[in-house]
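Residue numbers start from 1 in every chain, and the chains themselves are labelled A, B, ... in the order their sequence lines are given, proteins ahead of strands.
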Amino acid sequence: MDRYEQVTELARRRGFMWPSFELYGGAAGFYDYGPLGARLKRRIEDIWRRFFVIGEGFAEIECPTIGIEEVFRASGHLSGFSDPLTECKECKEIYRADHLIKHIVEVPDALSAEEIYRVIKENDITCPECGGELSEVYEFNLMFRTAIGPGNRHPGYLRPETAQGMFINFPRLLRYYRDSLPFGAVQIGRSYRNEISPRQGVIRLREFSQAEAEVFIDPRSKRHPRFSEVKDLRLRLYSREAQERGEVEEMSVGEAVERGIIAHEILAYFVARTYEYLLAVGVDRERLRFRQHKADEMAHYAADCWDAEVLLDRLGWIEIVGIADRTDYDLRSHMALSKANLSVFVHYPEPIRRKRVVVKPDMKALGPRFKGRAKAIADALQSMDLSNLKDDIIKVTVDGETYEIERSLVSVEEIEEEIRGEEVVPHVIEPSFGIDRILYTVLEHSYHEEPVEGETRVVLRFLPGISPVDVAILPLMDKDELVEPARRIFDAFRRCGMLAEFDTSGSIGRRYRRNDEIGTPYCITVDYQTLEDGTVTVRDRDTMQQIRIGEERAVDVIRDLLSGALCFSEAGAPVKA
RNA sequence: GCGGCUGUGGUCCAGUGGUUAUGACAUGAGCUUCCCAAGCUCGUAACCCGGGUUCGAAUCCCGGCAGCCGCACCA
């Protein structure tokens with residue numbers, strides 16, 4: 001059994017996660033989170049909120065998971081998110097149809113399925129494996145399609161990313177942020193991709209959870225005001241050049257920007273915050289690196305892109321976060337299709353005063369004379385170079401026809417104007433997190449086995465605040481005189497909103513092991529001494545050491561231990577082994 | 001999707017064309033003043049699904065589903 005198997009087996013058995021629809025034989029690409037997994041996921045998401053919603057001040061929104069066709073036409077998912085496939089009629093092998101005609105057509109991407117099929121036919125292309133005849137080319141789109149309302153007139157698509165919700169709400173968000181850049185909006189939610197063959201448990205799912213931030217910035221400056229907070233963080237970077245050499249470099253974020261390894265401060269800032277977040281949920285620093293996309297693997301619009309990758313036992317280096325500079329691609333696409341103005345008016349610090357020469361056609365005269373064409377002619381006059389306006393008769397050509405205008409009908413004035421700012425289309429920096437992959441990584445990186453008196457102890461070393469259960473309350477034995485005070489303590493925890501478990505079953509040692517296996521950081525045991533002096537023991541998951549504290553302090557001590565305000569060895573009197 | 005391997009209680013695994021399908025661990029009840037998976041008693045719990053062959057199928061055959069590995073795919 002390798003680590004992947006051990007972790008997934010534990011996860012299934014103890015209620016973290018398991019394949020969906022097991023009752024009916026299952027369906028690949030779908031996973032359920034059980035009682036512990038759902039809590040763990042919520043905690044991972046809540047820490048994400050602490051970083052990006054609270055820490056960065058990005059507003060969290062929630063949009064439908066079904067989108068209408070226009071959204072995905074603009075985003076490019078309708079055309080670019082599908083692959084043209086063809087199948088060999090003999091050996092049933094499936095090929096990317098566009099790959100088969102690469103040597104004939106320069107840009108196969110531009111062709112429709114029918115056109116690709118025609119090229120295949122005309123060039124007698126056959127199955128590369130067996131030489132058999134190829135089937136018609138069909139589009140396989142990775143988006144799930146459905147119908148909105150009865151009939152098929154309004155197709156809907158399950159969103160393949162949460163990002164579009166932020167883009168299409170840009171005007172509302174901009175108003176919310178009182179018309180000023182930069183600002184960010186985030187969404188945590190489900191996305192859907194109809195993967196051809198999902199594998200590896202929760203690593204490639206057809207329905208998965210993303211946490212995405214879209215940070216709208218002024219494209220004229222890619223500096224970040226809080227860059228100094230992160231510039232000394234040292235990260236493992238696997239840049240394009242480093243990948244050529246095959247070795248990861250460790251350097252500070254500031255150095256990476258100075259040397260031009262990370263494109264700019266803002267991108268680097270979010271790489272750094274991502275690093276801090278991943279450590280905060282329990283990703284192992286030694287098994288984490290940031291890898292830059294190579295030019296050919298980057299989405300065509302992206303200016304630079306860095307993935308956070310983690311090392312997993314069976315699967316190798318896996319992408320768990322992507323941080324991309326999407327430039328203004330998305331907003332411009334939506335502008336083009338929706339005709340809405342998605343730019344922002346940015347004020348200059350000081351208005352710029354500028355002299356300008358303006359051409360003013362005499363519309364009183366031009367209007368009656370040229371009627372419907374007057375506007376076009378006036379526009380043409382205004383866009384003419386001043387040097388052409390010197391003659392007594394000015395010749396203007398509009399739509400192939402030439403008109404003669406007397407010079408007297410055109411006045412030229414020099415005016416001084418004040419320019420207070422300009423319209424910019426914001427660029428977007430997008431940190432995009434795969435929550436399910438992060439959750440699996442946290443499980444695997446937390447998983448430890450250690451020998452204890454000839455037995456193997458399995459411990460999930462979750463960071464405090466991540467573990468699905470905060471504390472377990474255990475009567476030493478299942479006796480009324482011990483159970484009653486233990487219940488009292490248990491209730492106190494519940495009243496304070498902490499996740500406590502109560503367990504009387506089996507020997508005390510067995511219960512400690514059970515809690516180790518699900519990562520409960522502390523166990524409180526009520527024993528016979530509790531009845532005498534009102535103290536209980538607190539046992540630390542990682543060291544298995546114990547201290548004694550007064551029963552009435554239990555809630556406070558555990559809370560402070562979890563928050564890090566208190567250190568275990570100083571929280572109470574040590575218990576002799 | 002293709003090819004190979006696999007599918008037995010919650011978990012891991014044994015096994016056979018024929019009565020009531022092994023075992024371990026886990027789990028429930030109980031006993032034991034029990035602090036690191038101890039012991040004892042009793043219990044719960046399984047042959048992936050569908051079809052075929054057969055007097056009889058969990059076992060053989062076919063199909064499906066799922067998992068693993070390889071290929072392809074991975075915006």
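A:D480 CG: 12 or fewer foreign heavy atoms inside a 6.0 Å radius.
The side chain of A:S505 places an N or O atom within less than 4.0 Å of a non-bridging phosphate oxygen (OP1 or OP2) of B:G28.
Between the CD atom of A:E453 and the P atom of B:C35 there is a distance of 13 Å, given to the nearest Å. The distance between atom OH of A:Y512 and atom P of B:A37, rounded to the nearest whole Å, is 11 Å. Atom-to-atom, OH of A:Y522 to C1' of B:C35 comes out at 18 Å; the value is rounded to the nearest Å. For the pair A:R14 CZ and B:C25 P, the computed distance is 17 Å after rounding to whole Å. Summarising the geometry, the separation between CD on A:E517 and C1' on B:C36 is reported as 14 Å, rounded to the nearest angstrom. Distance, A:M544 CE to B:C35 P: 15 Å, rounded to whole Å. As a whole-Å value, the separation of A:L23 CG from B:C48 P is 15 Å. As a whole-Å value, the separation of A:I508 CD1 from B:G39 C1' is 17 Å.
For A:K479 and A:R548, each mapped to the nucleotide of RNA chain B holding its nearest heavy atom, the one lying further toward the 5' end belongs to A:K479. Looking at which nucleotide of RNA chain B each of A:G506 and A:R314 is closest to, the 5′-most match is held by A:G506.
Of the candidate nucleotides B:C69, B:C35, B:A37, B:C69 has the atom lying nearest to any side-chain atom of A:R199. Across B:C35, B:C74, B:A66, the shortest atom-to-atom separation from the side chain of A:A28 is found for B:A66. Listed nucleotides: B:C68, B:A66, B:G28. Nearest to the side chain of A:R514: B:G28. You'll find that the side chain of A:S507 is closest to B:A38, out of B:U11, B:A38, B:C35. If you check B:C68, B:C73, B:U27 against the side chain of A:R510, the one that comes closest is B:U27. Each of B:C36, B:U11, B:C73 was ranked by its minimum atom distance to the side chain of A:R204; first place goes to B:C73.
As judged by a 4.0 angstrom heavy-atom cut-off over every strand, A:D516 is placed among residues making no nucleic acid contact. In this structure, A:E5 reaches neither bases nor backbone, as no heavy-atom distance under 4.0 Å exists between it and the strands shown. At a threshold of 4.0 angstrom between heavy atoms, the contacts of A:Q200 are confined to the sugar-phosphate backbone, with no base atom among them. Residue A:T537 is in base contact, counting any heavy-atom pair closer than 4.0 Å across all strands shown. Residue-level contact check: A:R511 touches neither bases nor backbone, having no heavy atom under 4.0 Å from any strand. As judged by a 4.0 angstrom heavy-atom cut-off over every strand, A:Y4 is placed among residues touching the sugar-phosphate backbone only.
When the C1' atom is used for both B:G70 and B:G43, the distance is 46 Å, rounded to whole Å. The C1' atoms of B:C62 and B:A57 are separated by 14 Å, rounded to the nearest whole Å. Nucleotides B:G18 and B:G3, compared at atom P, are 32 Å apart to the nearest Å. To the nearest whole angstrom, the two P atoms, one in B:G9 and one in B:A45, are 14 Å apart. Here the separation of B:G50 from B:U59, taken at their P atoms, is 12 Å to the nearest Å.
Using a 4.5 Å cut-off on side-chain heavy atoms (C-beta onward), A:E501 and A:T520 make no contact. Between A:F167 and A:V428 there is a side-chain heavy-atom pair separated by less than 4.5 Å.
Taking the ring centre of A:Y512 as origin, the terminal cationic atom of A:R539 falls inside the region bounded by 6.0 Å and 45° from the ring axis.
Residues in residues 25-39 of chain A take part in these side-chain hydrogen bond (donor to acceptor under 3.5 Å, both in side chains) pairs, two or more places apart or across chains: A:W18-A:D32, A:S20-A:D32, A:Y33-A:D436.
Put simply, the side chain of A:E195 and the base of B:C74 share no donor and acceptor less than 3.5 Å apart. Interface remark: the A:Y24 side chain does not form any donor-acceptor pair with the B:C49 base, using a distance-only criterion of under 3.5 Å.
Base pairing of B:A21: no nucleotide in any strand meets the Watson-Crick or G-U wobble criterion (both distances under 3.5 Å).
No donor-acceptor pair under 3.5 Å is formed between the side chain of A:D307 and the backbone N or O of A:E309.
Under the 3.5 Å distance criterion, with hydrogens and angles disregarded, no donor-acceptor pair is assigned to the side chains of A:R240 and A:Q243.
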